[in-house]
Amino acid sequence: MDREALRMLCSPQFWRMAVLWTLSLLQSYLLVLLCGRAAAPRCRRPQLVAGGRRRPIGVVTGATSGLGRAAAAALAREGYHVVLAGRSTQLLHETVEEIQKQQPDAHLEAFQLNLASYRSIKRFGASLKQWIQQTRSEPAIQLLINSAGILAKSHRVTEDGLDEMIQTNYVSPFILTNILLPLLKNSSVPSRVVNVTSFTHRCVSGIDVSEDALRGMKFGRCSGGENYPLACAYEYTKLCLLMFSYELHRHIHMSSAVSVIAADPGIVETKIMRELPQCLSCFAFLALRFLKLLQDPDTGVGSILDAALAPPVSLSFYPAEEESGKCFFGGKGRTIRSSQLSYDTEVAKKLWAESTAVFKELQLRECDFRNS
């Protein structure tokens, strides 16, 4: 074991992940066992748009690996025209090739998107709208899955002046969703936003949603070089994303046909821990596999697909059981209640307001940059 791994092993953040995260995961499974409710079955084929002539468009972030890639491949099988968004153009090209080898009739488009950069998000939104205008009669998309995420081991400030993990995991999905919301509202058939959150949100007992906190200043101040509270910061981003899901549902579900659903896949063997010492991540996966808690991406994507393909209200055999504003966990169409804190509407309203303020500041900064 090298020095970096030993230092990590002795850190409170490692044991927070090892103990609290495991307990939170077990709590979620217990809730599924005791209170989980099976939803209406998935729509095996999505509704066609433009008079039944076109496949619906589904946008997936983080689509080059892990859950994002599994979701993209599954949606292609379900009849979507899938837009894959990822940081690396090379990996995007390779992912498209891999999916098309397995599914020769898959309809795929790839766009570069770096969620650690507002400029990249804005460029992606413009490119997507241009592509839709050139290829579609309806300026709309039917599905957005925010699945990209990182577990950073250090406090890194992006070009936008934000903590990289907080920006990638929460602030940028908030911005991207708001940028694409007009396209979702334009759809002639019901559309949907799926935010991929995590059981780790249950570890947060109190939350600061001020603008400084959203920028990561709180975590940066206490980072002290190598003492970045990576576990606390990750939990924070996942709780923020979950609260944003519920608040967005409250904002739009009565005035549009856009539904908003959170999905918690549980523990999945992805590259999320790639920044941690390899011996520790391998040991963690080995222990979780022994406990039968570790899933491969093709299995773990189940809750995301449940959220993405749950019938819209107008199509449901159970019209009183609207899925918008709920959280899927554990596959098999089951939903559970998230932490009590995640349902605090006053905190959620403040989170929305402060997130909007960050968004507007980035817009103004970009305008000043272009005009200079």
Side-chain angles (χ1 to χ4, degrees), residues 20-21 24-25 27-28 31 61-62 115 144-151 162-163 165-181 184 192-219 229 231-256 258-266 303-304 307 322-329 335-360 362:
L20 288 188
W21 287 16
S24 296
L25 178 62
Q27 181 184 1
S28 292
L31 285 171
T61 68
L115 289 175
L144 168 63
I145 299 181
N146 288 309
S147 64
I150 62 171
L151 177 62
L162 280 69
D163 176 89
M165 181 155 60
I166 294 177
Q167 181 170 5
T168 300
N169 292 5
Y170 169 65
V171 176
S172 288
F174 175 89
I175 291 173
L176 178 63
T177 302
N178 278 280
I179 287 176
L180 298 186
L181 198 54
L184 290 156
R192 179 163 296 168
V193 177
V194 175
N195 289 325
V196 181
T197 182
S198 167
F199 59 90
T200 60
H201 81 274
R202 298 184 185 279
C203 299
V204 182
S205 57
I207 185 169
D208 180 358
V209 294
S210 65
E211 191 172 333
D212 276 353
L214 292 178
R215 292 183 173 279
M217 302 306 172
K218 169 185 174 182
F219 299 106
C232 296
Y234 183 82
E235 298 158 9
Y236 176 83
T237 63
K238 291 305 181 178
L239 178 58
C240 285
L241 189 60
L242 184 58
M243 298 185 80
F244 163 57
S245 302
Y246 295 155
E247 186 65 13
L248 180 61
H249 159 74
R250 288 187 285 267
H251 272 246
I252 65 177
H253 84 287
M254 294 296 292
S255 60
S256 71
V258 183
S259 54
V260 187
I261 303 178
D264 179 353
S303 61
I304 298 174
E322 182 177 353
E323 304 307 329
S324 184
K326 295 186 178 179
C327 182
F328 280 80
F329 176 86
T335 62
I336 60 172
R337 285 186 62 81
S338 50
S339 69
Q340 184 176 350
L341 179 58
S342 68
Y343 294 107
D344 190 319
T345 56
E346 292 305 313
V347 175
K349 288 177 184 177
K350 185 177 180 182
L351 174 64
W352 181 284
E354 297 293 346
S355 301
T356 301
V358 173
F359 182 15
K360 289 181 178 178
L362 292 175

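Please read these numbers as outputs of a predicted model, since none were measured by experiment.
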Calculate, to the nearest 0.5 Å, the distance between atoms [atom1] and [atom2] belonging to [X] and [Y] respectively.
| X | Y | atom1 | atom2 | answer |
| --- | --- | --- | --- | --- |
| L184 | I252 | CG | CD1 | 7.5 Å |
| T200 | L151 | OG1 | CG | 9.0 Å |
| L214 | C240 | CG | SG | 6.0 Å |
| M243 | T345 | CE | OG1 | 8.5 Å |
| L162 | L362 | CG | CG | 6.0 Å |
| I166 | R215 | CD1 | CZ | 11.0 Å |

Pair T356-F174, side-chain contact (heavy atoms from CB on, under 4.5 Å): steps then yes or no: CA-CA 9 Å; T356 301; F174 175 89; 3.6 Å; yes
Does either side chain, that of [X] or that of [Y], offer a donor lying less than 3.5 Å from an acceptor on the other one?
| X | Y | value |
| --- | --- | --- |
| S198 | Y234 | no |
| S339 | R202 | no |
| D208 | S210 | yes |
| S324 | H253 | no |

Do [X] and [Y] have side chains that approach each other closer than 4.5 Å (heavy atoms only, starting at C-beta)?
| X | Y | result |
| --- | --- | --- |
| S259 | V193 | no |
| W21 | C203 | yes |
| R192 | I261 | yes |
| T61 | I145 | no |
| R337 | C327 | no |
| P173 | L241 | yes |

Residue from N195, V194, N169 passing side-chain contact (heavy atoms from CB on, under 4.5 Å) with N146: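 Exactly one option meets the side-chain contact (heavy atoms from CB on, under 4.5 Å) with N146, and it is N195.
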Worked verdict on L248 versus L181 for side-chain contact (heavy atoms from CB on, under 4.5 Å): CA-CA 10 Å; L248 180 61; L181 198 54; 4.3 Å; yes
Compare every heavy atom of [Y] with every heavy atom of [X], then report the nearest pair and how far apart it is.
| X | Y | answer |
| --- | --- | --- |
| S338 | Y343 | N-OH, 3.0 Å |
| I179 | F359 | CG1-CZ, 3.9 Å |
| E247 | A348 | OE1-CB, 3.6 Å |
| F329 | D264 | CD1-O, 3.2 Å |

Under 3.5 Å: donor-acceptor pair, side chain of [X], backbone of [Y]:
| X | Y | answer |
| --- | --- | --- |
| T197 | A263 | no |
| S28 | F199 | no |
| S172 | L115 | yes |
| T237 | Y170 | no |
| T168 | I150 | no |

Audit row: K238, E235, salt bridge (Lys or Arg N to Asp or Glu O under 4.0 Å) steps and yes/no: CA-CA 5 Å; K238 291 305 181 178; E235 298 158 9; over 6 Å; no
Electrostatic pair E346-K350, nearest N-O below 4.0 angstrom: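 No, E346 and K350 are not salt-bridged.
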Candidate pair W352 and Y246, rule ring pair (Phe, Tyr, Trp, His ring centres under 6.0 Å), full reasoning: CA-CA 11 Å; W352 181 284; Y246 295 155; over 10 Å; no
